[in-house]
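Remember, it's 1-based here, ligands and their atoms both numbered in the order they're listed.
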Amino acid sequence: MTRTAILGMGHYVPSKVVTNDDLAKMFDTSDEWIQQRTGIKERRYIEKSGIGASDLALHATKMACENAGVEVLEIDAIIFATLSPDHNFPGSGCFLGDKLGLGGVPALDVRNQCSGFLYGLQIADAWVRCGMYKRVLLVGAEVHSTALDFSDEGRDVTVIFGDGAACAILGPTDDEDQGIIDVEVHADGSGAKELWLEAPASAYEPRLTHEMIDNKSVYPQMNGRHVFRWATAKMPEVSLSVLERNGVTVEDLDLVVPHQANKRINEFVSQKMSIPPEKVVHNIQKYGNTTAASIPLALSEAIQEGRAKKGDLVLMPAFGSGFTWGAALVRL
Ligand code: UT7
């Protein structure tokens, strides 16, 4: 039976490094607080206005194609996961397709926040296995820095987010020992307003007012403790569900690449599942939370560093706004 393999991965982060001390110059926070509560030391921001998620994705795509040994023009479908599209519409997948010279190639935007890469992976897997497409570009890319509240009021959210992009080229393989084994995803909209960006909104007329800017509903709002509780419950739950369904134990796993929202969340999840710390990939200290980009960014780096190798069995759990959550099990 045909399976879907990750043929190659790539990532890109902007060059502008913003440390915790840099943020502490703008509002009331400290390097100590941020490191203790989140594990983050620094994050990247776009260098100047005018750089969108699709621009970051363009660099990542070139690296992924090179690593996959695939020409850009061989890509026959794009899936673009982001919560910070370049513009409200059209989707960032269309902008990226144009930048890659892929006129006519279908482009699907996925709006599932921190779980976006997993939702995209499930779709890409189905497309490839049914023979519809042969070279799917799956992107996770975000520019958060242009919608953050750099004041005391927004500090809980602002310190965690960073910009970045990463992607995978997916294609068919007959190798039974390689590829996507399973992807399980969920959503529960009862938590929608616990982590959201309210405005501009088509639900309001007009969509954007001076009042919305003044009352800060143009910045993401989060009930951090509530999200934390859900994340630490749902990530182990969905991970164990995927492992059990596929007859895999925690001992069988070579690597766990979790969504990078907060190092404490991932430590908590690994403890709950008895995963040895050395099997868990963290890069949140360098990039903060890059939402849809975070899992592919961590996996791509792990492959580049030789920490993730062909044949490794990898678990990728995520939780985020929506609420949405899921886990993927992949043999590299
Ligand atoms: O990727 C999407 C999913 N997102 C997540 O999974 C995030 C989940 N939540 C979290 O990671 C944590 O809730 C945060 C890191 C966002 C916050 O950590 P916390 O331990 O839950 O802190 P808190 O919001 O309960 O605030 C504790 C204290 C408060 O002060 P008081 O009331 O105790 O005096 C806050 O005002 O820390 C204060 N605080 C800060 N202090 C310095 C909140 N943010 C900051 C800050 N710097 N940036």
Side-chain angles (χ1 to χ4, degrees), residues 18-43 81-84 111-119 140-144 147-164 166 185-189 191-197 216 219-239 257-270 272 282-285 287-298 316-327:
V18 178
T19 65
N20 294 341
D21 286 332
D22 292 331
L23 295 182
K25 285 176 200 145
M26 291 185 256
F27 51 87
D28 184 14
T29 191
S30 66
D31 179 46
E32 192 193 356
W33 191 96
I34 300 171
Q35 284 210 47
Q36 235 172 47
R37 301 285 177 130
T38 70
I40 300 166
K41 294 182 178 167
E42 57 190 40
R43 72 285 294 139
T82 184
L83 65 71
S84 53
R111 298 290 303 275
N112 288 77
Q113 303 69 250
C114 307
S115 315
F117 190 78
L118 299 184
Y119 271 79
E142 306 283 5
V143 173
H144 284 296
L148 295 175
D149 176 6
F150 293 100
S151 77
D152 290 359
E153 225 178 310
R155 64 184 181 172
D156 55 330
V157 175
T158 298
V159 298
I160 65 177
F161 287 125
D163 303 342
V185 288
H186 298 271
D188 184 337
K193 296 183 180 177
E194 304 293 348
L195 173 49
W196 72 322
L197 180 59
K216 304 198 169 198
Y219 298 121
Q221 309 291 329
M222 176 170 66
N223 179 350
R225 289 198 175 180
H226 190 78
V227 177
F228 196 102
R229 271 197 303 276
W230 270 71
T232 49
K234 292 299 176 190
M235 284 167 76
E237 184 183 286
V238 69
S239 296
V257 184
H259 167 51
Q260 311 282 309
N262 182 328
K263 196 168 181 214
R264 280 197 300 138
I265 292 180
N266 290 343
E267 285 167 354
F268 200 95
V269 170
S270 347
K272 213 165 167 176
H282 300 285
N283 66 0
I284 193 169
Q285 64 281 3
Y287 306 127
N289 179 351
T290 58
T291 50
S294 98
I295 288 180
L297 179 54
M316 298 179 266
F319 182 87
S321 159
F323 294 135
T324 60
W325 65 97

K.L.:
Who's the nearest protein heavy-atom neighbour of atom 38 (C) of ligand 1, and how far?
P.N.:
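For atom 38 (C) of ligand 1, the nearest protein heavy atom comes out as Arg155 NH2, 3.5 Å.
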K.L.:
Against heavy atoms of Ile265, which atoms of ligand 1 measure under 4.0 Å?
P.N.:
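Checking each atom against Ile265, I get 6 (O), 8 (C).
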K.L.:
Do you see a protein non-hydrogen atom under 4.0 Å from atom 1 (O) of ligand 1?
P.N.:
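There is a protein heavy atom less than 4.0 Å from atom 1 (O) of ligand 1.
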K.L.:
Answer with side chain, backbone, both or neither: which part of Ile34 has a heavy atom less than 4.0 angstrom from an atom of ligand 1?
P.N.:
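Answer for Ile34: neither.
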K.L.:
Starting from atom 16 (C) of ligand 1, what is the nearest protein heavy atom, named by residue and atom, and what distance separates them?
P.N.:
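It is Met222 CE, 3.5 Å.
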K.L.:
Are any non-hydrogen protein atoms located under 4.0 Å from atom 6 (O) of ligand 1?
P.N.:
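Yes; the ligand atom in question has protein heavy-atom contact below 4.0 Å.
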K.L.:
For the residue pair Trp325 and His186, does the interplanar ring angle fall in the parallel (under 30°), tilted (30 to 60°) or perpendicular (over 60°) class?
P.N.:
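Rings of Trp325 and His186: parallel, under 30°.
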K.L.:
For side-chain contact (heavy atoms from CB on, under 4.5 Å), just list the numbers for Leu23 and Arg43, CA-CA rounded to whole Å, side-chain angles, deciding distance to a tenth of an Å, and then say yes or no.
P.N.:
CA-CA 10 Å; Leu23 295 182; Arg43 72 285 294 139; 3.5 Å; yes
K.L.:
Under 6.0 Å from the NZ atom of Lys272, do we count more than 12 heavy atoms belonging to anything else shown?
P.N.:
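Yes, NZ of Lys272 has more than 12 neighbouring heavy atoms, counting only those of other groups under 6.0 Å.
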K.L.:
Nearest to atom 44 (N) of ligand 1, what protein heavy atom do you find, and at what distance?
P.N.:
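The answer is Trp33 CH2, 3.3 Å.
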K.L.:
May I ask you to list the atoms of ligand 1 that are less than 4.0 angstrom from any heavy atom of Thr38?
P.N.:
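Every atom of ligand 1 under 4.0 Å from some heavy atom of Thr38: 15 (C).
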K.L.:
Can you find a protein heavy atom closer to atom 36 (O) of ligand 1 than 4.0 Å?
P.N.:
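Yes, at least one protein heavy atom sits under 4.0 Å from atom 36 (O) of ligand 1.
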K.L.:
Closest approach of Pro258 and Met235, non-hydrogen atoms and distance?
P.N.:
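Of all heavy-atom pairs spanning Pro258 and Met235, the closest is CB-CE, 4.2 Å.
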K.L.:
Which of the atoms in ligand 1, numbered in the order shown and given with their element, are less than 4.0 Å from a heavy-atom of Ala261?
P.N.:
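This gives 1 (O), 5 (C), 6 (O) as the contact atoms.
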K.L.:
Does the pair Arg264/Glu267 count as a salt bridge with the N-to-O cut at 4.0 Å?
P.N.:
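Answer for the salt bridge query: no.
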K.L.:
To which protein heavy atom is atom 21 (O) of ligand 1 closest, and what is the distance rounded to 0.1 Å?
P.N.:
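Of the protein heavy atoms, Arg225 CG, 3.5 Å lies nearest.
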K.L.:
Would you mind checking if Asp22 and Lys25 are paired as a salt bridge, meaning a charged N to carboxylate O distance below 4.0 Å?
P.N.:
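The answer is yes: the pair qualifies as a salt bridge.
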K.L.:
Work out which heavy atom in Ala318 is nearest to a heavy atom in Leu118; give both atom names and the distance.
P.N.:
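Closest approach of Ala318 to Leu118: CB-CD1, 3.7 Å.
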K.L.:
For atom 11 (O) of ligand 1, grab the closest protein heavy atom and report residue, atom and distance to one decimal in Å.
P.N.:
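Residue, atom and distance for the closest contact: Asn262 ND2, 2.7 Å.
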K.L.:
Below 4.0 Å from any atom of ligand 1, is there a heavy atom belonging to Val227?
P.N.:
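Contact present.
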K.L.:
What protein heavy atom sits nearest atom 8 (C) of ligand 1, and how far off is it?
P.N.:
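Minimum-distance protein heavy atom for atom 8 (C) of ligand 1 reads Gly224 O, 3.6 Å.
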K.L.:
Could you tell me which atoms of ligand 1, counted from 1 in the order shown, lie closer than 4.0 angstrom to a heavy atom of Val159?
P.N.:
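Near Val159, meaning under 4.0 Å from one of its heavy atoms, ligand 1 has 48 (N).
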K.L.:
For a quick check under 3.5 Å, do Ser84 and His144 share a side-chain donor-acceptor pair by atom type?
P.N.:
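No, no side-chain donor-acceptor contact under 3.5 Å.
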K.L.:
Which atoms form the tightest heavy-atom contact between Gly164 and Ala293, and what is the distance?
P.N.:
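Gly164 and Ala293 have their closest heavy atoms at O-CB, 3.5 Å.
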K.L.:
What residue and heavy atom of the protein are closest to atom 20 (O) of ligand 1, and at what distance?
P.N.:
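In this structure, atom 20 (O) of ligand 1 has Arg37 NH1, 2.6 Å as its nearest protein heavy atom.
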K.L.:
Strictly inside 4.0 angstrom of atom 14 (C) of ligand 1, do you find any protein heavy atom?
P.N.:
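No, because not a single protein heavy atom sits under 4.0 Å from atom 14 (C) of ligand 1.
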K.L.:
May I ask you to check whether Ser30 has an N/O atom sitting below 3.5 Å from an N/O atom of ligand 1?
P.N.:
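Checking ligand 1 against Ser30, no N or O pair falls under 3.5 Å apart.
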K.L.:
Side chain, backbone, both or neither: which applies to Thr158 and ligand 1 if a contact is any heavy-atom pair less than 4.0 Å apart?
P.N.:
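Neither; no heavy atom under 4.0 Å.
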K.L.:
Quick check on Glu153: does its CD atom have over 12 non-hydrogen neighbours (other residues, nucleotides or ligands) under 6.0 Å away?
P.N.:
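Check fails, neighbour count at 12 or below.
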K.L.:
What heavy-atom pair brings Ala24 and Ser30 nearest, and what distance separates the two atoms?
P.N.:
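Minimum heavy-atom contact is CB-CA, 4.4 Å.
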K.L.:
I'd like to know if Gln113 contacts ligand 1, where contact means a heavy-atom distance under 4.0 Å to any ligand atom.
P.N.:
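No heavy atom of Gln113 comes that close to ligand 1.
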K.L.:
Taking 4.0 angstrom as the limit and counting only heavy atoms of His259, give me the atoms of ligand 1 inside it, by number and element.
P.N.:
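Going through ligand 1 atom by atom, the ones under 4.0 Å from His259 are 1 (O).
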K.L.:
Judged by non-hydrogen atoms, does Leu195 sit under 4.0 Å from ligand 1?
P.N.:
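Yes, Leu195 has heavy atoms under 4.0 Å from ligand 1.
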K.L.:
Of the side chain and backbone of Asp156, name the one, both, or neither that has a heavy atom under 4.0 Å from an atom of ligand 1.
P.N.:
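Both backbone and side chain.
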K.L.:
Would Ile34 and Thr29 satisfy side-chain contact (heavy atoms from CB on, under 4.5 Å), going step by step from the backbone distance to the final call?
P.N.:
CA-CA 8 Å; Ile34 300 171; Thr29 191; 3.6 Å; yes
K.L.:
Would you verify that at least one protein heavy atom lies under 4.0 Å from atom 24 (O) of ligand 1, or report that none does?
P.N.:
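Within 4.0 Å: no protein heavy atom nearby.
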K.L.:
Geometry only, no angles: is Thr29 polar-contacting ligand 1 at N/O separations under 3.5 Å?
P.N.:
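N/O-N/O distance under 3.5 Å: yes.
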K.L.:
Say whether, by atom type as modelled, one donor and one acceptor occur between the side chain of Asn262 and the main chain of Arg37 under 3.5 angstrom.
P.N.:
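Yes; at least one donor-acceptor contact below 3.5 Å.
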K.L.:
State, without any angle test, whether Thr82 and Glu142 hold a side-chain donor-acceptor pair at a distance under 3.5 Å.
P.N.:
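Yes, side-chain donor-acceptor contact under 3.5 Å.
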K.L.:
Would atom 46 (C) of ligand 1 count as contacted, meaning some protein heavy atom under 4.0 Å?
P.N.:
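So far as the 4.0 Å threshold goes, atom 46 (C) of ligand 1 is in reach of a protein heavy atom.
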K.L.:
Yes or no: does Cys114 have any heavy atom under 4.0 Å from an atom of ligand 1?
P.N.:
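For ligand 1, residue contact (heavy atoms, under 4.0 Å) with Cys114 is present.
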K.L.:
In Å and rounded to the nearest 0.5 Å, what is the OG1 to CG distance from Thr291 to Asn112?
P.N.:
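Rounded to the nearest 0.5 Å, the OG1-CG separation comes out at 11.5 Å.
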K.L.:
Counting heavy atoms not belonging to Phe228, are there more than 12 under 6.0 Å from its CZ?
P.N.:
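Yes, because the 6.0 Å sphere around CZ of Phe228 holds more than 12 heavy atoms from other groups.
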K.L.:
For ligand 1, indicate whether the residue Asn289 contacts it via side chain, backbone, both or neither (heavy-atom separation under 4.0 Å).
P.N.:
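Answer for Asn289: side chain.
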